[in-house]
Amino acid sequence: MSVYVLRRLLQSLLVLVAMSVIVFIGVYAVGDPVEILISPDADQLERERAIQALGLDRPLWEQYLVFVQRALQGDLGRSFVFNEPALRLILQKMPATLELAFGAMVIAILVGLPLGLYAGLRPESPGARLIMAGSILGFSLPTFWVGLMLIMVFAVQLGWLPSTGRGETAALFGLHWSFLTANGLSHLLMPAINLALFKISLVIRLTRSGVRETMLMDYVKFARAKGLSPARVTFVHVFKNILIPVVTVVGLELGSTIAFSVVTESVFAWPGMGKLIIDSINALDRPVIVAYLMIIVLMFIVINLVVDILYSVLDPRVRLEGSR
Amino acid sequence: MSEAALEPAAAREETPFRRFVSEFMASKVAVGGLLVFAAVALLALFAPWIAPQNPYDLAQLDIMDGRLPPGAVGGSGITHWLGTDDQGRDMLSGIIYGLRISLTVGVGSALIACLLGASLGLLAAYAGGRTDSVIMRLVDLQLSFPTILAALMILAFLGKGILNVVIALVVVEWAYYARTVRGSALVERRREYIEAAQCLALPTSRILFRHLLPNCLPPLIVVGTIQIARAIALEATLSFLGLGVPITEPSLGLLIANGYEYMLSGKYWISFYPGIALLVTIVSINLMGDHLRDVLNPRLKK
Amino acid sequence: MAAMWRGLVLAGLVGAACVLGAPGRAQTLTMAVGAPVTSLDPHFHQLSPNNAVAGMIFDRLINTDGQSRMVPGLAESWTPIAPDLWEFRLRRGVRFHNGSAFTAEDVAFTFQRVPNVPNSPSSFAAFVRPIRGVEIVDSHTLRIATHGPYPLLAQDMTNLYILDRETHQSATTEQFNSGPAAVGTGPFRMSAHRMGERIEFERNDAYFGERPAFQRVIYRMITNDSARTAALLAGDVEFIDQVPTADLARLRADPRLAISETVGLRLIFLGLDHLRAEASPFVADNEGRPIPQNPLRDRRVRRALSLAIDREAIAARVMEGAATPSGQFFPPGVFSHIPDFPPPRHDPAEARRLLAEAGFPQGFRLTLHGPNDRYPNDARVIQAIGQMWTRAGVRTAVEAQPWTTFVARAGRAEFSAFLIGWGSNPEGSHPLRNLIATQDRERGWGASNRGRYSNREIDARLEAALRELDDARRERMLIEAQRMAFEDVAIIPLYIQTNIWAMRRHLRHEARVDESTRAQDVRPR
């Protein structure tokens with residue numbers, strides 16, 4: 001097992017290297033950061049000076065080597081745009097995105113699980129059909145469009161919730177979180193719902209199919225035959241069994257939610273990592289893009305590793321070492 | 001539901017395909033979905049003969065007809081039943097042509113990504129060892145790479161165009177299929193029938209595609225139908241970010257993104273009707289997909 | 001019991017907050033801007049949103065009013081005492097936010113710091129490069145010597161924010177962003193900053209100029225256009241800039257809101273490929289084969305393309321009135337505006353005639369490129385032009401892409417025809433030098449001349465004007481040079497953008513032609 005984990009971590013290092021090479025070549029191909037950042041009326045001398053200041057006058061491979069050298073000492077470079085360490089910029093924005101992603105997950109489970117359970121237990125009822133039809137909406141409506149509709153209805157028309165932005169924050173573990181204040185929560189609600197829509201549909205579907213499969217299992221039939229109350233059968237025997245796959249998938253989705261809440265963050269002016277990465281991509285702020293991707297890759301590697309280990313623990317037919 | 005009904009039919013001569021068809025047809029919802037989807041596909045296919053205007057021909061558009069409400073008559077004498085967009089493009093024609101692009105992009109990218117992803121996933125699960133590691137680390141890499149950055153890079157390398165959007169979506173999506181197929185194939189390949197096939201020394205490709213793949217199909221189809229919908233929605237998002245299809249050949253997603261800016265000012269039709277068209281298309285695909293999964297899932301038919 | 005007590009205390013607190021909040025609210029202004037501020041260091045990144053915020057915290061020797069005219073700032077007067085020597089008399093009794101006194105030393109220090117800000121992606125160094133030396137006559141008199149006669153010195157000084165030698169001797173960009181170094185002489189002091197999200201300000205009661213109306217200002221950044229409008233409609237913010245043209249009609253009709261607007265200094269125009277004598281990459285004949293000689297080098301073709309455009313229709317329909325058709329860089333009333341030079345009229349018949357005369361009776365094919373996220377309605381405008389050109393016989397394909405990829409390709413002169421904008425200083429040499437003059441690295445000319453237009457006669461007139469200290473004579477020279485450029489259709493001017501702000505009814509705002517959004521320009525009605 002430990003040999004396996006070690007090998008996986010080594011492979012992950014290669015992924016990190018591959019990622020950084022792709023970003024270096026990609027940003028180079030997309031355009032010239034100086035052309036984007038520089039004032040339009042800067043003359044040629046000024047442009048050359050800026051290119052030099054950002055180290056972009058050197059050949060690409062040399063820039064890359066400098067980057068690797070510094071990265072080995074824990075320095076991922078400074079943002080071209082902000083002149084602040086890239087890593088610090090990202091970590092500053094992280095709490096906002098984390099609470100948005102977790103908020104969305106909590107909503108997805110609180111809403112999706114009961115609805116999915118109902119749809120699975122009474123698959124033929126009109127209510128279940130309505131739920132399933134509704135869940136398709138969650139998959140198919142573009143996020144940006146739903147986001148604006150939410151703002152229109154709940155902020156502009158009804159005035160119940162603040163339209164955009166992040167509310168007041170309170171400190172916890174040295175970081176600033178907005179879910180600790182009432183004002184912060186009211187700001188969090190709409191973007192979290194917007195981000196949760198897709199996940200709600202996913203949880204509904206997973207739960208429903210899980211319930212339908214377990215209801216046909218022998219042990220459930222046996223429990224019913226034993227005369228246990230339907231409520232007890234549902235909540236003890238069925239529920240316990242479907243929770244594992246639902247939680248696994250939701251966990252996997254958490255990664256992608258953290259990584260790509262770009263659209264929601266930009267519609268709701270939510271100051272998180274997604275907003276930072278889209279701005280950085282638009283400005284070709286390479287140090288921030290690289291640092292951001294490094295963090296995201298690490299996160300995915302850890303999540304996938306944990307999931308693979310869990311699989312092998314849960315299902316002895318899957319062996320981690322492979323055939324050889 | 002189907003367990004009892006199918007028992008006597010088993011006596012008749014029955015191929016798996018025929019059984020599949022009859023089970024599929026048993027659900028009215030699924031058939032409804034199929035019919036709607038067929039209608040949408042026909043509309044898209046025969047767009048040039050159905051649409052009142054060719055929305056891609058700039059010479060037929062006039063900004064003086066821009067943002068006309070539904071039912072208004074434009075300068076060229078056409079009645080715009082669903083209104084016009086900011087360029088004076090007839091929304092009905094735009095939607096019919098846009099369906100074409102959205103379906104091409106959605107179905108095309110999903111199919112290619114599925115083929116590519118499933119093959120790689122199968123290979124990873126079957127070969128194991130180093131091959132598995134390489135492929136799965138590629139999946140890690142892909143899943144953590146922002147779609148927007150990938151799309152921007154492809155745009156920079158290849159330029160804009162519908163084909164390039166398909167390529168971008170394939171690059172982004174294949175990893176989902178690979179991960180799904182590998183997951184179920186890992187379980188299946190330890191089963192006795194695969195070991196038996198290996199004992200018979202059947203060629204690897206035959207074992208992969210004739211034996212392993214069919215047993216991994218149910219989850220693949222579920223992922224597939226969701227991914228078609230997702231690809232269409234993703235293309236809409238790329239368009240929203242200015243990275244999608246060319247502006248003069250708008251997809252449904254681009255029409256929605258374009259009209260989004262007019263929502264606050266009450267010109268709802270520019271965004272609303274393409275949204276409805278998108279919704280109907282995706283719902284019909286999902287209705288079929290949902291039922292397919294139930295039909296194909298052996299664990300639901302004990 | 002405990003829960004009840006907590007409830008009561010909470011209710012009391014909320015009540016108190018309401019009571020206290022009521023007068024506080026009138027003293028606080030919440031504004032939302034569309035472009036993110038990337039730094040509070042006024043010399044780090046030359047970028048309009050940064051300059052606007054710097055204009056709240058810091059001052060310049062020469063400030064500008066809403067019409068971009070020079071008004072005394074930290075300098076009370078400035079006069080050339082020799083062709084290459086200027087004397088600035090500085091304002092007395094001015095103090096920085098931390099109490100440090102403002103003197104001539106601080107100006108000299110600022111000139112030193114400007115070219116030496118580390119890692120700056122777009123520095124202000126070009127504004128001090130013409131300066132040969134600085135002589136401190138007394139604590140509040142300063143003489144600036146330039147390399148040869150330099151009429152633009154005063155104009156350049158409207159771009160440099162003055163720092164304090166004592167405070168900023170070793171200040172880094174990070175110290176500005178985090179607060180300790182964000183100390184100026186301006187009407188507001190910075191009290192909190194969250195990068196890319198919001199900046200909070202307190203009024204500087206000791207400000208030497210007009211006292212700002214609000215005690216406290218919250219300056220939020222909401223880059224999504226619709227979200228910004230929605231925030232105003234929902235009452236979350238009281239003031240927004242960069243109002244999307246699509247929302248303009250609704251906002252005007254809303255009795256709770258008010259609009260402020262002015263014709264700006266940003267011209268949207270089309271650049272054309274003057275570089276290639278042979279085939280241009282995105283021009284083809286009607287069968288799709290390249291045309292061996294670049295038709296865009298023919299003045300008749302360029303004029304035809306310009307006459308085929310209905311500028312009134314674009315301004316009225318696509319821009320929904322938020323633009324003024326123009327045939328030159330400046331609107332009337334601005335220094336070096338060309339009088340009697342109306343925008344080209346829409347004349348498709350004449351366009352066809354000119355095309356036939358140039359040897360293209362059947363027209364040709366062309367791809368028009370443009371950004372889709374840079375200027376209001378940019379992608380819509382190029383489509384509209386595509387319609388008009390196609391109807392005039394030039395079959396036009398339209399390609400819009402994000403600024404990120406567009407600007408690099410435009411800079412490499414990869415396009416045949418492209419849409420781009422230019423925000424001018426109110427001085428004709430500014431656009432002429434950057435957009436029209438022949439590219440010349442040594443002189444720093446033509447850096448944004450992406451079509452690579454070149455006309456020696458215009459260059460010669462520009463050169464003479466840049467040495468002419470007499471404003472009236474210089475204006476005549478610049479007008480003549482501009483007239484030549486537009487008669488030769490060096491670029492195809494389209495329209496000048498209108499700058500628009502929207503606010504709750506109880507506010508009023510002095511609109512600025514330079515697009516800056518600053519809290520001191522907002523007052524209660």
Side-chain angles (χ1 to χ4, degrees), chain B residues 54-68 74-76 84-89 94 148-149 151-162 164-165 238-250 254 256-268 270-271, chain C residues 224-230 232-233 244-253 310 312-314 316-320 367-374 376-406 408-409 414:
Chain B
N54 176 1
Y56 297 165
D57 182 2
L58 284 180
Q60 288 191 28
L61 308 181
D62 191 341
I63 48 168
M64 300 317 279
D65 290 339
R67 301 187 296 272
L68 291 177
S76 52
T84 62
D85 74 356
D86 55 277
Q87 293 294 318
R89 190 178 284 120
I148 298 147
L149 186 57
L152 197 65
M153 277 160 57
I154 289 166
L155 179 77
F157 279 119
L158 304 176
K160 254 190 157 176
I162 291 163
N164 298 338
V165 173
L238 285 182
S239 294
F240 173 68
L241 296 167
L243 292 166
V245 297
I247 43 167
T248 46
E249 295 171 24
L254 185 54
I256 296 173
N258 212 352
Y260 164 88
E261 287 168 44
Y262 293 102
M263 287 304 284
L264 284 175
S265 58
K267 300 188 180 73
Y268 66 92
I270 308 179
S271 192
Chain C
N224 184 288
D225 285 340
S226 300
R228 198 165 56 253
T229 305
L232 178 71
L233 288 172
T245 58
D247 299 333
L248 203 51
R250 169 170 184 176
L251 297 185
R252 275 190 212 281
D310 186 351
E312 293 289 346
I314 291 176
R317 303 292 306 176
V318 184
M319 293 296 291
E320 303 197 43
T367 304
L368 175 62
H369 288 83
N372 58 13
D373 56 359
R374 182 72 173 180
N377 303 316
D378 41 14
R380 298 196 170 99
V381 171
I382 56 174
Q383 283 184 83
I385 292 172
Q387 292 181 11
M388 294 164 183
W389 281 358
T390 303
R391 261 184 243 119
V394 178
R395 287 187 50 123
T396 307
V398 169
E399 191 181 318
Q401 52 188 300
W403 179 253
T404 312
T405 52
F406 171 82
R409 296 182 67 192
E414 283 184 21

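What you are looking at is a predicted structure, and each value in this text was computed from that prediction instead of being measured. Per chain, numbering begins at 1; letters A, B, ... match sequence-line order.
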CD on B:E261 to CG on C:N377, rounded to 0.5 Å
7.0 Å

Euclidean distance, B:D85 CG relative to C:Q383 CD, rounded to 0.5 Å
7.5 Å

On a heavy-atom basis, which atom in C:A246 and which in B:S265 lie closest, and how many Å separate them?
O-CB, 3.1 Å

For the interface with chain B, which of [options] has the highest count of heavy-atom pairs at distances below 4.5 Å?
options: C:A313, C:A253, C:A397, C:S226; answer: C:S226
options: C:A408, C:A400, C:P371, C:A230; answer: C:A400
options: C:N224, C:D310, C:D373; answer: C:N224

Side chain, backbone, both or neither: which part of [X] has a heavy atom under 4.5 Å from chain B?
X: C:T245; result: neither
X: C:A379; result: both
X: C:T405; result: side chain

Please determine whether the number of non-hydrogen atoms from other residues, nucleotides or ligands lying under 6.0 Å from atom CZ of C:R391 exceeds 12.
yes

Note, B:I63 side chain near C:R380 side chain (heavy atom, < 4.5 Å):
no

Using a cut-off of under 4.5 Å for heavy-atom pairs, which of B:M64, B:Q87, B:R67 has the most such pairs with chain C?
B:Q87

Report yes or no: does C:R250 contribute a side-chain atom to a donor-acceptor pair with the main-chain N or O of B:L264 at less than 3.5 Å?
yes

Side-chain donor-acceptor pairs of residues 238-247 of chain B under 3.5 Å, sequence neighbours excluded:
from   : atom 1 : to     : atom 2 : distance (Å)
B:S239 : OG     : B:E235 : O      : 3.1
B:S239 : OG     : B:E235 : OE2    : 2.8

Can you list the residues of residues 54-61 of chain B that sit under 4.5 Å from chain C, counting heavy atoms only?
B:L58, B:A59, B:L61

